[in-house]
Amino acid sequence: MIDDKAVVSRLWAVVPAAGRGSRFGAALPKQYLPLAGKTVIEHSIAALLRCPEINEVLVALHADDKTFIELACAKHPKVKSVTGGLERAESVELALAALTGAAATDWVLVHDAARPCLSDADVQALLLKGREHPLGAILAARVVDTVKRGNALREAVETVDRNALWRALTPQLFRYGELRAALKHCREHALPVTDEASAMEQFGGRPLLVEGSHRNIKITYPDDLTIATAFLAGGVND
Ligand SMILES: Nc1ccn([C@@H]2O[C@H](COP(=O)(O)OP(=O)(O)OP(=O)(O)O)[C@@H](O)[C@H]2O)c(=O)n1
Ligand SMILES: C[C@](O)(CO)[C@H](O)COP(=O)(O)O
């Protein structure tokens with residue numbers, strides 16, 4: 001375990017924003033769609049820029065995306081961009097590799113461009129509790145529905161105990177060196193990675209689950225934009 005008292009660990013942020021939003025089905029990738037006076041991605045990045053501890057925000061963009069550079073947030077001195085990859089995990093790896101100033105003991109927050117309703121309180125809770133936990137931490141929300149396991153015929157064959165189930169959100173907070181090593185390990189062994197925690201778990205880690213707001217939704221389908229509009233109208237920080 002790294003003794004944080006011996007080193008001053010800086011805090012970086014990575015924003016995976018290279019997706020195409022195929023499930024959303026809009027003409028534009030969903031992160032560039034209008035939401036409450038800005039674009040989706042601008043809300044997601046604004047939540048990170050409101051955290052003064054963050055040293056730099058590195059955004060992983062699709063090679064075809066020319067929209068980002070026109071946004072106000074792209075001109076912020078803390079915001080940089082890099083070309084992402086074909087999968088989210090690859091985009092995160094490429095962004096981490098571009099953080100040339102980061103030390104292995106520094107912390108990295110990874111936050112989806114597609115999660116615009118992140119509150120300042122949730123960022124602070126993750127940082128406070130996550131940096132006390134040696135193996136990192138993620139924002140997560142408890143599962144509130146009864147959960148069924150279905151078979152190939154979509155028949156319910158089992159009710160899963162939901163008391164131990166959580167929905168992984170973002171940001172997710174890990175040490176820079178450990179996260180890079182875990183993602184490299186999973187890539188080299190063709191292990192499935194859908195979030196940073198799944199890479200860390202397969203690399204022997206046990207990230208802490210920090211309960212976050214159910215309002216921190218991921219924009220995936222059109223209805224999610226309607227929901228996010230209502231959440232932002234109510235003020236995610238109120
Ligand atoms: N190759 C990829 C794929 C996804 N992402 C980002 O990872 C986040 C979560 O991914 P998801 O919701 O799946 O976005 P998309 O891949 O765009 O959605 P879809 O699967 O519907 O195409 C998004 O901010 C997305 O831009 C990324 O940086 N690089
Ligand atoms: C990272 C994530 O948002 C945590 O729930 C989720 O895994 C992203 O999944 P996607 O299929 O890439 O949207």
Side-chain angles (χ1 to χ4, degrees), residues 13-33 35 38-48 57-68 71 73-74 79-99 108-118 122-123 126 130 136-143 165-174 179 182-183 186-187 191-202 207-225 227-228:
V14 162
V15 177
R20 297 295 79 190
S22 56
R23 286 171 286 180
F24 194 100
L28 269 178
K30 61 191 181 184
Q31 58 269 35
Y32 300 116
L33 294 176
L35 170 62
K38 295 180 186 172
T39 57
V40 169
I41 190 171
E42 284 177 290
H43 286 284
S44 305
I45 292 176
L48 301 173
V57 178
L58 195 60
V59 186
L61 301 172
H62 189 281
D64 296 344
D65 284 352
K66 309 305 178 201
T67 309
F68 182 74
L71 301 177
C73 63
V79 176
K80 305 283 188 295
S81 64
V82 67
T83 300
L86 293 176
E87 299 296 331
R88 183 185 178 282
E90 187 184 356
S91 293
V92 172
E93 269 203 287
L94 288 165
L96 291 172
L99 284 176
V108 181
L109 274 177
V110 183
H111 181 51
D112 291 337
R115 288 186 186 268
C117 300
L118 174 62
D122 276 6
V123 172
L126 180 65
I138 71 170
L139 285 178
R142 290 189 178 278
V143 170
L165 297 183
W166 294 74
R167 293 186 296 109
L169 309 174
T170 70
Q172 303 198 0
L173 177 69
F174 295 103
L179 181 55
L183 288 167
C186 290
R187 171 168 44 81
L191 299 172
V193 173
T194 55
D195 68 344
E196 288 62 60
S198 54
M200 295 300 287
E201 292 150 28
Q202 295 176 96
L208 184 69
L209 296 163
V210 177
E211 189 156 9
S213 170
H214 284 271
R215 292 187 293 183
N216 182 6
I217 63 170
K218 182 165 67 74
I219 307 297
T220 306
Y221 298 103
D223 285 351
D224 299 324
L225 210 56
I227 295 165

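Both ligands and their constituent atoms are indexed starting at 1 by order of listing.
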> Is the backbone of P16 close enough, under 3.5 Å, to the side chain of S91 for a donor and an acceptor to pair up by distance?
Replying inline: no

>> Exactly one of V15, L118, D112, V108 should register a side-chain contact (heavy atoms from CB on, under 4.5 Å) with P171. Which one does?
In response: L118

>> Under the rule for side-chain contact (heavy atoms from CB on, under 4.5 Å), what residues qualify as partners of T220, not counting sequence neighbours?
In response: R23, K30, K218, D224

>> So does N216 get a backbone contact from the side chain of R115, meaning a donor-acceptor N/O pair under 3.5 Å?
In response: yes

> Contact residues of ligand 1 with a heavy-atom cut-off of under 4.0 Å?
Replying inline: P16, A17, A18, G19, R20, G21, S22, R23, K30, Q31, G85, L86, E87, R88, S91, D112, A113, A114, K218

N/O to N/O under 3.5 Å, ligand 2 against protein:
{"unit_1": "ligand 2", "atom_1": "3 (O)", "unit_2": "D112", "atom_2": "OD2", "d": "2.6"}
{"unit_1": "ligand 2", "atom_1": "3 (O)", "unit_2": "R115", "atom_2": "NE", "d": "3.4"}
{"unit_1": "ligand 2", "atom_1": "3 (O)", "unit_2": "R115", "atom_2": "NH2", "d": "3.0"}
{"unit_1": "ligand 2", "atom_1": "5 (O)", "unit_2": "R115", "atom_2": "NH2", "d": "3.2"}
{"unit_1": "ligand 2", "atom_1": "5 (O)", "unit_2": "A168", "atom_2": "O", "d": "2.6"}
{"unit_1": "ligand 2", "atom_1": "7 (O)", "unit_2": "T194", "atom_2": "O", "d": "2.8"}
{"unit_1": "ligand 2", "atom_1": "11 (O)", "unit_2": "R23", "atom_2": "NH2", "d": "3.2"}
{"unit_1": "ligand 2", "atom_1": "13 (O)", "unit_2": "R23", "atom_2": "NH2", "d": "3.2"}
{"unit_1": "ligand 2", "atom_1": "13 (O)", "unit_2": "K218", "atom_2": "NZ", "d": "2.7"}

> Which of these passes side-chain contact (heavy atoms from CB on, under 4.5 Å) with F24: V40, L33, D223?
Replying inline: L33

> Can you tell me if Q31 uses its side chain to pair, donor with acceptor, with the backbone of G19 under 3.5 Å?
Replying inline: yes

> Do the side chain of H43 and the main chain of L35 share a donor and acceptor less than 3.5 angstrom apart?
Replying inline: yes

>> Quick check against the 3.5 Å criterion: does S44 have a side-chain atom that pairs as donor or acceptor with the backbone of A113?
In response: yes

> Listed by chain and number, what are the salt bridge (charged side-chain N to carboxylate O under 4.0 Å, His left out) partners of E93, not counting sequence neighbours?
Replying inline: R187

